Number of protein chains: 2
Amino acid sequence: MTGSAVPSPPRPPGSGSGSGSGSGSGDARTTLPLASTGEPERLRADAARNRTLLLEAASRLMAGCGATNLTMESVAAAAGVGKGTVFRRFGDRTGLLIALMNHREGLLQAAFLSGPPPMGPGAPALDRLHAFGPALMRHEREHHELILASRTDPLRTYAVPANRLRISHVAMLLRQARAEGNVELLAHTLLGSVDAALVHHLTTDRSMSIEQLDQGWHDLVTRLCAGP
Amino acid sequence: MTGSAVPSPPRPPGSGSGSGSGSGSGDARTTLPLASTGEPERLRADAARNRTLLLEAASRLMAGCGATNLTMESVAAAAGVGKGTVFRRFGDRTGLLIALMNHREGLLQAAFLSGPPPMGPGAPALDRLHAFGPALMRHEREHHELILASRTDPLRTYAVPANRLRISHVAMLLRQARAEGNVELLAHTLLGSVDAALVHHLTTDRSMSIEQLDQGWHDLVTRLCAGP
DNA sequence: GGTGGAAGTGGACTGTGGTCCGTTTGAGGT
DNA sequence: ACCTCAAACGGACCACAGTCCACTTCCACC
């Protein structure tokens, strides 16, 4: 089920939508903008159909050959369209991977936006924060190949809808938990500590266990939210 | 996993001679594995000469056209060698950029390894930590183009000598400052909060000032090192 | 039902990263 | 001096990302 609620950059150049989510005021609890970049503009029927075909083809090929071996031409061929179509729709290879990633992010988003406590609404902000890190780490581990492959340009990461949502969500929780300081910066710091690449490095090359990282997250959240 | 896609280069320079930076016990104060990635292995005279020619040519071209417009062929041509030579020496394009980056890291390393207090040895660890962040941010801003361009593969970052040195240095200072918890993880978190890409994003897209980020660093260091 | 034109399509084309392999060169051994 | 061979070299070659533009299809409006 390709929900098609997935935002994607129909316009290759991207250039980001202006000032989007307010720097310090948006409350994701009340507004559910989901992936903020807004719904993709209306696609013509054939374009929408091809978009779905392409995402499915890409997913299928990736499962078979791995993300690094995914070529634009093979995706186009597998979907039965021309190569130009892939580029028009997703801008570039990274854009395709990001679209794929956003598409798979749905479950996690549902869990922390509207799922049951302690991650979803209903639990105290601090509890939600504590629950968020471990869940995020596990999610990223599951999709780490795609996530890492889609990170070719470090700056682009910050424009990915899924990541923007995470940031604003964590920032909101920090605000609710009365964390002091620059909450946006704190949110980035917190999320950086469970970054997919970092987790992969620490568990693979530095032989840390995922439980150690969970513990690290708890410590960090505790320290950042603790009153003076 | 498709067998770690890193197309192991023929002769990647360095490869770290991973001395120590022990998982949890080494003290970088006494051992100076130094980044320098040293001059790696002994190169034949002609190879060494060409290596220098290539780095100079690359630096010159980059100054003129920017890192993104740097092509391997143009570097080879400018240095008066064949394209194969560039690849043999640096493995791939990213390898060349990383080598260039390591090369420019010298001053900063000297400053925190053996410069005057408060960053260099002689000052209390906590002071050194506080001084480190702002200096690092300014250094990265100065070279952000090269730094960002060299980050094509997120995992590779952790193998870059300069970054490994930073990590172990910060971890050492944290240990000396009696920070509790997983110091290696804390070091990554701390450094992540002043990551070049993040700083660029926050200052450029989110209109934060560098002084706000300095403040954020101080708060973070204070919280992470504060006793209970 | 027709029609104008914007949106979408496909595939030839280009530039660059990366590989391969036959040739050359430097340095240690005799 | 000469010999030997691993290391270094160079450039032809290949694959793939990304561009371009002539052509086709949808759909909003008559």
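So you know, we letter chains A, B, ... as the sequences are listed, proteins then strands, and number each from 1. All values derive from a computational prediction rather than experimental measurement.
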**Message:** Quick check: on DNA chain C, is the nucleotide nearest B/Gly84 upstream (toward 5') of the one nearest B/Arg49, or the reverse? Name the residue that is more 5'.
**Reply:** B/Gly84
Throw together a table of side-chain donor-acceptor distances under 3.5 angstrom for residues 58-73 of chain B, partners on residues two or more places apart or in other chains.
{"residue": "B/Ser59", "atom": "OG", "partner": "B/Arg104", "partner atom": "NH2", "Å": "3.2"}
{"residue": "B/Thr71", "atom": "OG1", "partner": "B/Ser74", "partner atom": "N", "Å": "3.0"}
{"residue": "B/Thr71", "atom": "OG1", "partner": "B/Ser74", "partner atom": "OG", "Å": "3.0"}

**Fill in**
The side-chain contact (heavy atoms from CB on, under 4.5 Å) partners of B/Ser207 (sequence neighbours excluded) come to none
Compile the donor-acceptor pairs under 3.5 Å between side chains in residues 185-194 of chain B and protein atoms, sequence neighbours left out, one pair per line.
{"residue": "B/Thr189", "atom": "OG1", "partner": "B/Leu185", "partner atom": "O", "Å": "2.9"}
{"residue": "B/Ser193", "atom": "OG", "partner": "B/Leu190", "partner atom": "O", "Å": "2.7"}

**Asked** So, is B/Thr85 close to the D/dG10 phosphate, meaning a side-chain N or O under 4.0 Å from OP1 or OP2?
**Response** yes
**Request:** Give a yes/no on whether any side-chain N or O of A/Asn50 is located under 4.0 angstrom from OP1 or OP2 of C/dT9.
**Result:** yes
Protein-nucleic acid N or O pairs under 3.5 Å, nucleotides 21-25 of chain C:
{"residue": "C/dT25", "atom": "O2", "partner": "B/Arg44", "partner atom": "NH1", "Å": "3.2"}
{"residue": "C/dT25", "atom": "O2", "partner": "B/Arg44", "partner atom": "NH2", "Å": "3.2"}

**Request:** Could you check how far CG of A/Leu54 sits from P of C/dG8, rounded to whole Å?
**Result:** 13 Å
**Request:** Measure from NZ on A/Lys83 to P on D/dA17 and round the result to the nearest Å.
**Result:** 7 Å
**Request:** Mind checking salt bridge (charged side-chain N to carboxylate O under 4.0 Å, His left out) for B/Arg49 and listing every partner two or more places apart, or none if nothing turns up?
**Result:** none
**Asked** Heavy atom of residues 64-75 of chain B under 4.0 Å from DNA chain C: which residues?
**Response** B/Leu70, B/Thr71, B/Met72
**Item:** Which nucleotide in D/dA8, C/dT9, C/dG10 has an atom nearest any side-chain atom of A/Ala47
**Value:** C/dT9
**Prompt:** Quick one: which of C/dG8, D/dA8, D/dG11 gets closest to the side chain of B/Arg88?
**Reply:** D/dA8
**Complete:** Rounding to 0.5 Å, atoms CG (A/Leu97) and CZ (A/Phe90) come to a distance of 10.0 Å
**Prompt:** Sequence neighbours excluded, which residues qualify as side chain to side chain donor-acceptor pair (under 3.5 Å) partners of B/His144?
**Reply:** none
**Fill in**
Applied to residues 191-205 of chain A, the salt bridge (charged side-chain N to carboxylate O under 4.0 Å, His left out) test, sequence neighbours excluded, yields A/Arg151-A/Asp195
**Prompt:** Tell me, which pairs form a side-chain hydrogen bond (donor to acceptor under 3.5 Å, both in side chains) where one or both residues lie in residues 132-142 of chain A, sequence neighbours left out?
**Reply:** A/Glu105-A/His139, A/Arg138-A/Asp214, A/Glu140-A/Arg166
